[in-house]
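It should be emphasised that the depicted structure is a prediction, and the values quoted were computed from it without experimental measurement. To find a chain, count down the sequence lines: A is the first, B the second, and so on, and within it residues start at 1. All values below were derived from every heavy atom in this structure, side-chain atoms included, with hydrogens, water molecules and symmetry-related copies excluded.
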2 protein chains.
Amino acid sequence: MEPKRTTVRDLRRHNRSTLLSKLFFDGPLSRHELSQLTGLSAATVSNVTAELVEDRLIVEAGLVESDGGRPRVLLRVDPKYAHVVGIDVGETGVKVELFDLSMTRLAAADLQLNSIEPDPAEVVARTAEGLRQVIETADVTESSVLGVGIGVPGTVEKGTRTLVHAQTIGWDAVPLPSMLRDQGIRLPLFLDNGAKTQGQAEMWFGAGRGARHAVIVLVGSGVGAAVITDGQTYAGYSSSAGEWGHTTIVYGGRQCRCGARGCLEAYVGAEGILDRYRKARGGRGAVDTDEQAALAALVAAADSSKIAAKVLDDTAGYVGAGIANLVNLFNPERIVIGGWAALAMGGQWLDVVKKSTAEHALRHAYEQTSIELCQLGPDAVAVGAATLPVAALLEAGGDPRESSRSVA
Amino acid sequence: MEPKRTTVRDLRRHNRSTLLSKLFFDGPLSRHELSQLTGLSAATVSNVTAELVEDRLIVEAGLVESDGGRPRVLLRVDPKYAHVVGIDVGETGVKVELFDLSMTRLAAADLQLNSIEPDPAEVVARTAEGLRQVIETADVTESSVLGVGIGVPGTVEKGTRTLVHAQTIGWDAVPLPSMLRDQGIRLPLFLDNGAKTQGQAEMWFGAGRGARHAVIVLVGSGVGAAVITDGQTYAGYSSSAGEWGHTTIVYGGRQCRCGARGCLEAYVGAEGILDRYRKARGGRGAVDTDEQAALAALVAAADSSKIAAKVLDDTAGYVGAGIANLVNLFNPERIVIGGWAALAMGGQWLDVVKKSTAEHALRHAYEQTSIELCQLGPDAVAVGAATLPVAALLEAGGDPRESSRSVA
DNA sequence: CGACTAAGTTAGCGCCATAATTTAACACCG
DNA sequence: CGGTGTTAAATTATGGCGCTAACTTAGTCG
């Protein structure tokens with residue numbers, strides 16, 4: 001019940017954070033522009049930017065000529081100030097990428113997992129291995145790495161020990177961070193759900209830019225969503241909000257792998273789509289081993305096969321109804337659709353989804369919402385994970401590691 | 001894109017707000033307790049409270065003897081500092097209530113609406129009438145009324161003109177506040193959706209106390225919800241978030257009055273329940289005119305009639321699945337169930353709802369959530385509406401009307 | 001080459017929170 | 001019955017921060 005801090009010179013930190021964030025997102029800016037954009041006085045901007053320059057967080061980036069008057073000096077975040085690592089822990093492999101502060105990728109490593117149901121110990125070993133690889137490849141010192149963001153399948157519970165729960169792959173309370181510590185990793189770690197990191201990436205660099213209320217939905221093998229409320233990824237009470245895939249869309253309907261009936265994922269997850277296709281063709285044939293190839297075949301067949309076309313149309317109908325639920329509950333200004341299955345089904349499929357959404361959502365809320373495809377590729381989870389330490393930097397208005405501050 | 005203010009001496013206001021809120025919610029407190037609870041220094045507490053006392057917002061409320069030491073002086077918000085009015089605009093009538101700052105009801109007025117589909121002009125006339133009545137009955141001056149909160153059916157769009165949209169009763173962009181101004185009402189007006197004001201009331205004084213992430217669901221003639229995220233009622237991009245009643249629960253299912261198919265409301269709204277009961281009995285009988293009486297009869301029949309019992313059980317199943325969707329998406333720490341229909345179906349019906357929720361929600365999120373019945377009666381909408389001006393007072397740390405401040 | 005214009009910096013001021021100190025009230029103990 | 005210890009409130013001293021306003025710098029145009 002003590003919601004707010006004691007607010008003393010945290011005010012200064014807040015202003016540092018505001019300016020730093022503005023520079024990070026809106027490219028090089030002059031002090032004058034910063035003053036106008038943030039509402040801070042010119043004096044304060046000068047004062048704070050001087051401090052940021054001294055801390056090497058930002059650097060001057062050239063002049064802009066003016067039509068009379070002193071030319072403005074542009075400032076920007078120094079890409080070389082630090083590096084960040086983003087890791088995508090998937091069900092089949094671990095992807096590790098290293099970026100500078102302008103989010104330019106300097107190195108990447110892709111490590112396969114042997115087991116089908118990923119074993120935590122194996123994941124940890126591969127992660128540590130990949131981490132060492134990218135640091136070596138990019139030839140950076142470990143101390144220059146601000147932090148390591150990790151997107152994991154399942155929900156992340158933050159407490160005294162950070163635990164990962166992933167009901168569908170059999171992870172129950174896996175203490176991933178402390179396991180990585182045991183492997184000799186000393187860098188600051190930032191964990192979050194993979195769908196949420198991907199959503200974060202779309203919000204910062206993709207189709208979500210500029211929106212304050214958005215939902216990024218992901219349709220792939222699993223079905224999930226990242227909800228952004230007021231510019232922040234919404235986590236809920238125990239960080240497991242946004243489990244869109246397991247909301248009930250057909251009461252009493254198909255059995256889902258989570259144990260319930262009628263979940264959205266049971267209909268529009270890749271497995272659900274393929275299974276409905278199989279049943280529509282009379283139930284012959286084995287379960288597909290390569291979902292992506294099988295779905296591509298289904299999409300290709302839709303041109304000639306009425307059955308395949310109907311399966312895709314039904315899928316769009318379900319997805320649209322599911323999105324309508326999000327529209328009614330969250331009233332976002334934007335919905336971004338991602339995930340490999342959604343991308344595979346393509347643009348005109350999206351039109352059917354939109355139509356179904358319009359039919360199922362309340363008119364007022366629907367009219368406020370735009371529905372778009374995601375803009376980022378398969379690296380989005382890793383990129384989004386890498387934004388986690390950057391977000392911490394921006395929020396603190398400087399490197400959280402150093403607390404001693406020298407004033408200009 | 002300029003999210004934060006210029007933050008100068010707004011810091012002072014913030015501290016005033018913190019202290020005032022603490023005193024409002026947690027009863028009489030000594031300065032020392034305030035210091036501990038808020039984290040502010042004793043000096044600051046003394047300083048700020050002196051100001052608040054001078055502004056007549058708070059008063060001393062007796063001493064508490066101590067076991068050695070100076071006795072602590074208790075402070076509390078002065079209930080007589082100002083009054084607030086809460087208005088519940090329903091589909092059948094307008095309820096107006098006047099409170100002091102301790103939320104003690106001083107006067108109430110209940111005005112019926114003649115038309116079935118409430119005409120905005122009639123609503124405005126009755127509202128103005130009721131407002132004058134309660135001010136006269138309670139014998140308070142108009143200038144002592146801090147503001148008037150109004151809970152309306154439908155969504156409230158805040159812009160240059162505040163507009164009310166209520167698709168189900170045919171209101172489209174009704175400018176209720178300016179219509180009230182035309183009736184000579186000069187008091188500050190605060191509009192919000194009735195479900196949200198009721199939710200606010202439960203959060204402040206009912207089953208939601210202490211929770212930061214909660215959903216208050218309402219099952220009555222209509223079905224709605226108020227979502228509280230991080231202590232704040234979540235509004236979304238255009239204030240129409242939380243439309244739980246029109247989320248799809250049975251894809252392709254029953255026709256709903258909103259035009260879509262398979263909405264939750266079509267199954268568990270009073271009309272939906274009664275219609276399912278009618279169909280289960282063979283479709284005989286006319287549509288009920290008094291829903292509340294008809295539902296009471298259905299509940300009474302459930303003891304002897306298997307058909308009636310099944311209708312109630314099915315209802316609990318649908319509601320449970322709907323709540324599970326909320327649990328999966330919002331991950332709240334508490335769900336509060338209200339609305340006259342839910343109350344009519346009673347406590348053991350709630351157990352069936354919980355069972356269904358457990359079956360449909362993900363285990364981790366479900367375990368973090370408690371499900372409870374609401375604690376407030378039929379006045380909750382009006383009480384919640386009255387909290388709106390109070391919330392404005394608390395947030396501003398003082399009367400927003402007076403800006404000139406004198407320091408002690 | 002000097003006046004004009006715009007960007008950025010320096011100086012002065014007020015405000016606010018913290019920490020240390022003082023004042024106040026009461027209980028216990030000898 | 002007065003001294004001493006304890007606890008709480010009030011007061012004073014100190015330092016930080018951001019705003020306003022004046023000033024300096026650096027170009028361009030006539």
The reported gap from CZ in A:R31 to CD in A:Q36 (rounded to nearest 0.5 angstrom) is 15.0 Å
Rounded distance (nearest 0.5 Å) linking atom OG1 of B:T18 with atom CG of B:L394
10.5 Å
Rounded to the nearest Å, what distance is computed from the NE2 atom of residue A:H14 to the C1' atom of nucleotide C:dC16?
17 Å
Below 3.5 Å is the cut-off: list the nitrogen or oxygen pairs between protein and nucleotides 8-14 of chain C, distance only.
from, atom 1, to, atom 2, distance (Å)
C:dG8, OP1, A:V73, N, 2.9
C:dG8, OP1, A:V73, O, 3.3
C:dG8, OP2, A:R31, N, 3.3
C:dG8, OP2, A:H32, N, 2.8
C:dT9, OP2, A:S46, OG, 2.2

Report the distance from atom CD of B:Q36 to atom P of D:dT7, rounded to the nearest whole Å.
12 Å
Phosphate contact (D:dG18 OP1 or OP2) by A:T44 side-chain N/O below 4.0 Å:
no
Please confirm whether the shortest side-chain N or O distance from A:R12 to OP1 or OP2 of D:dG16 is below 4.0 Å.
no
Ring-plane angle category for A:F330 and B:Y234, please: parallel below 30°, perpendicular beyond 60°, tilted otherwise.
perpendicular
Is there a donor-acceptor pair closer than 3.5 Å between any side-chain N or O of A:S17 and the backbone N or O of A:A396?
no
Axis bend over the full length of the helix from C:dC1-D:dG30 to C:dG30-D:dC1, computed from five pairs that close each end, to 10 degrees
20°
Quick test of your reading of the model: are A:E142 and A:R186 salt-bridged, counting only N-O distances below 4.0 Å?
no
Residues in ring-ring contact (aromatic ring centres under 6.0 Å, His included) with B:F24, at least two apart?
B:W204
Value in whole Å for how far the P atom of C:dA7 lies from CG of A:L40
17 Å
Between P of D:dA10 and CG of B:L52, the distance in whole Å
13 Å
Test item: side-chain donor near acceptor, B:N331 and A:S239, under 3.5 Å:
no
